[in-house]
Novice: 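Below is a structure I'd like to ask you about.
Chain identifiers are assigned alphabetically (A, B, ...) following the order of the sequence lines, protein sequences preceding nucleic acid strands; residue numbering begins at 1 within each chain.
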Number of protein chains: 2
Amino acid sequence: MPVPAELIETSPYFSGLAPQERDKLKGLFFEKSVSKSEVILWEGEPGDALYILGTGRIKIFRTSAEGKEQVLRVMRAGDSFNEVPVFDGGPNPASAMALEDSVIYGIHRGDVQHILKDYPQVSINVIRVFSRRLRDMVSLVEDLSFRHVTARLAKILLEHAVQFGEESPERRLTQQQMAAMIGTAREMVGRSLKNLETMGAIRVERQKIIIVNREMLQRLV
Amino acid sequence: MPVPAELIETSPYFSGLAPQERDKLKGLFFEKSVSKSEVILWEGEPGDALYILGTGRIKIFRTSAEGKEQVLRVMRAGDSFNEVPVFDGGPNPASAMALEDSVIYGIHRGDVQHILKDYPQVSINVIRVFSRRLRDMVSLVEDLSFRHVTARLAKILLEHAVQFGEESPERRLTQQQMAAMIGTAREMVGRSLKNLETMGAIRVERQKIIIVNREMLQRLV
DNA sequence: CGGGTAAGGAGACAAAAGTCGCAGACTCCG
DNA sequence: CGGAGTCTGCGACTTTTGTCTCCTTACCCG
């Protein structure tokens with residue numbers, strides 16, 4: 001199975017390339033299917049391929065010695081991961097796990113090097129992607145350093161709602177997953193959700209969290 | 001005053017360029033002197049130049065609404081900063097302040113764009129620098145998320161000692177500065193230093209901190 | 001050299017977060 | 001359908017961190 005054309009066309013890496021150039025690059029990708037909960041990459045291992053997520057959802061995370069988990073980002077279709085080791089030759093900085101059955105498209109390190117040589121525009125695109133990534137990381141540091149758990153939770157609820165629909169997030173996150181995203185324990189998420197509910201910002205129902213007062217959440221962030 | 005030659009020669013941005021190419025680039029830099037405690041960049045403002053630190057020391061940091069400060073990195077001669085806004089056109093992601101009288105060399109956004117176009121090797125160098133930066137940020141997130149204050153403090157004590165000499169760090173950090181680096185309050189740093197002292201890892205003297213038992217510190221991290 | 005400012009030490013207390021234990025509800029698969 | 005495993009809720013308790021206040025010391029600048 002080849003890479004879906006629109007994945008290459010919409011990828012920030014290949015913007016500014018001619019269609020025939022893109023066609024050539026398509027052939028370098030290989031497809032890989034992963035099932036839910038499958039670990040795609042382990043932190044510390046050598047990273048020999050860059051991946052673009054086709055369908056599904058994948059989390060990038062680090063694990064502490066005590067088993068605590070910190071999610072660095074949750075990816076959706078079109079997002080790419082594992083670039084850093086491909087470009088600098090070091091080990092994977094983080095692990096990757098599929099949150100649902102997913103299809104990813106990989107490209108080997110050597111091929112990436114060739115592309116960089118042959119298409120200078122791609123290098124510039126990579127720089128732009130990395131810039132965005134750095135801003136996101138600064139934002140994460142800021143959250144961890146400045147905001148309390150409730151504010152961090154409010155933030156991901158807002159982001160989540162934006163992406164999956166205001167009223168009923170289709171694929172909801174478990175409290176455990178939210179805890180890993182904001183760097184705290186599951187129980188804290190439970191308590192904070194209750195806080196947000198009693199202050200009237202959200203309503204927690206059977207299987208979903210409904211944002212009742214978006215402005216209130218926004219103010220907390 | 002032109003840029004010192006060795007600054008360009010040792011800069012990771014210009015590695016792989018021919019000497020005469022470097023010479024051409026030198027002319028694009030402008031010099032700027034800043035005095036201790038002077039703010040060089042404000043977060044949120046447009047970033048129109050990339051800087052390389054010639055002499056002195058500069059901290060990159062973010063400030064919360066409540067006035068708390070989180071240091072992202074402390075730079076030394078040769079380090080560069082404010083790349084992200086130059087490459088993606090957005091606002092400065094963080095502020096920069098001189099910790100001592102310093103001399104920096106800047107290059108304007110437009111010139112950087114030209115360099116990227118004319119010297120593809122530079123783009124690849126930038127990618128490598130950004131990769132390193134991303135790894136550092138992941139490491140910072142990990143520290144904030146996984147480690148207690150004492151462990152974070154131990155880490156910067158070790159890094160500091162490596163860089164400034166085992167026995168007597170020449171330019172010591174204040175507790176306030178250390179607190180901002182590890183994302184906590186000054187009082188916590190004081191208490192943690194005392195902890196480390198009573199457990200025999202360090203000795204706190206008049207104006208300096210002496211590492212008595214390096215392995216003990218290392219184990220804490 | 002003297003005075004103002006920054007830095008550091010300490011104790012008491014408050015707030016936030018983490019931990020533990022357990023029980024009930026749900027769901028996913030075989 | 002049933003049972004294992006996951007997810008959630010909740011309360012009690014501990015630990016860690018943050019905050020406030022006050023005092024002493026060091027140091028820098030004029």
Novice: Are any of B/K194's side-chain N or O atoms less than 4.0 Å away from OP1 or OP2 of C/dA10?
Specialist: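 Yes, such a contact exists.
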
Novice: What about A/R186: does its side chain form a donor-acceptor pair under 3.5 Å with the base of D/dG9?
Specialist: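 Such a pair exists between side chain and base.
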
Novice: Using atom CD1 of B/I202 as one end and atom P of C/dG8 as the other, report the distance to the nearest whole Å.
Specialist: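 For the pair B/I202 CD1 and C/dG8 P, the rounded distance is 13 Å.
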
Novice: Expressed in angstrom and rounded to an integer, what is the separation of B/E66 atom CD from D/dT17 atom P?
Specialist: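 These atoms are roughly 19 Å apart.
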
Novice: Please write out each protein N/O paired with an N/O of nucleotides 12-17 of chain C under 3.5 Å, distance rounded to 0.1 Å.
Specialist:
{"from": "C/dA17", "atom 1": "OP1", "to": "A/V149", "atom 2": "N", "distance (Å)": "3.0"}

Novice: Looking only at side-chain N and O atoms, does A/Q175 come under 4.0 Å of OP1 or OP2 in D/dG9?
Specialist: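 For A/Q175, the contact criterion (side-chain N or O under 4.0 Å from OP1 or OP2 of D/dG9) is met.
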
Novice: Using the salt bridge (Lys or Arg N to Asp or Glu O under 4.0 Å) rule, collect all pairs that involve residues 128-137 of chain B, keeping only residues at least two apart or in two chains.
Specialist: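 Output for this query lists A/D88-B/R135, B/E83-B/R133, B/R132-B/D136.
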
Novice: For the helix from C/dC1-D/dG30 to C/dG30-D/dC1, what angle lies between the axis at the first five pairs and the axis at the last five pairs, to 10 degrees?
Specialist: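 Inter-axis angle at the ends, rounded: 60°.
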
Novice: Is any N or O donor-acceptor pair between the side chain of B/E187 and the base of D/dC20 shorter than 3.5 Å?
Specialist: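 Result: at least one qualifying N/O pair found.
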
Novice: What is the distance, to the nearest angstrom, from the CG atom on B/L99 to the P atom on C/dA7?
Specialist: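 Distance check: B/L99 CG to C/dA7 P gives 11 Å.
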
Novice: Rounded to whole angstrom units, what separation is found between the CG atom of B/D143 and the C1' atom of D/dT16?
Specialist: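 One finds 17 Å between C1' of D/dT16 and CG of B/D143, rounded.
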
Novice: Locate the shortest heavy-atom distance separating A/L134 from B/M137; write the atom from each residue and the value.
Specialist: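 Taking every non-hydrogen atom into account, CD2-CG, 4.1 Å.
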
Novice: Could you check whether A/S80 and A/Y13, counting side-chain N and O atoms only, form a donor-acceptor pair closer than 3.5 Å?
Specialist: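 Result is yes, a qualifying pair exists.
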
Novice: Let me know, please, whether A/G190 or B/K68 comes out on the 5' side of the other along DNA chain D by nearest nucleotide.
Specialist: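 Nearer the 5' end of the strand: A/G190.
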
Novice: Atom CG of B/L144 and atom P of D/dT16: how far apart are they, to the nearest Å?
Specialist: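 Those two atoms, CG and P, are 18 Å apart.
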
Novice: Over 60° means perpendicular and under 30° means parallel, so classify the ring planes of A/F30 and A/H108, tilted if in between.
Specialist: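 Taking A/F30 first and then A/H108, their aromatic rings lie parallel (interplane angle under 30°).
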
Novice: Name the orientation class of the two ring planes belonging to A/F87 and A/F130 (parallel below 30°, tilted from 30 to 60°, perpendicular beyond 60°).
Specialist: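 A/F87 and A/F130: perpendicular rings.
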
Novice: Testing B/L53, B/L41, B/V74, B/D79 for side chain to side chain contact (heavy atoms under 4.5 Å, CB included) with B/I58, which one passes?
Specialist: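 Of B/L53, B/L41, B/V74, B/D79, side chain to side chain contact (heavy atoms under 4.5 Å, CB included) with B/I58 is met by B/L53 alone.
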
Novice: Given the rule in the side-chain hydrogen bond (donor to acceptor under 3.5 Å, both in side chains) test, do A/K155 and A/S139 qualify, once you have shown the distances and angles that lead to the verdict?
Specialist: CA-CA 11 Å; A/K155 186 171 176 182; A/S139 169; 3.1 Å; yes

Novice: Before accepting this row, confirm whether a basic side-chain N of the pair A/R62/B/E142 lies closer than 4.0 Å to the acidic partner's carboxylate O.
Specialist: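 A salt bridge links A/R62 with B/E142.
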
Novice: Salt bridge or not between A/K59 and A/E69? Use side-chain N to carboxylate O under 4.0 Å.
Specialist: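 Yes, charged N to carboxylate O under 4.0 Å.
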
Novice: Give the rounded distance in Å between these two atoms: CG of A/L153 and C1' of C/dG18.
Specialist: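 These atoms are roughly 16 Å apart.
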
Novice: Rounded to whole Å, how long is the line connecting atom CG of B/L193 with atom C1' of C/dA10?
Specialist: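 Going from CG in B/L193 over to C1' in C/dA10 covers 14 Å.
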
Novice: Would you mind reading off the distance between A/M178 atom CE and D/dT6 atom P, rounded to a whole angstrom?
Specialist: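 In whole Å, D/dT6 P and A/M178 CE are 18 Å from each other.
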
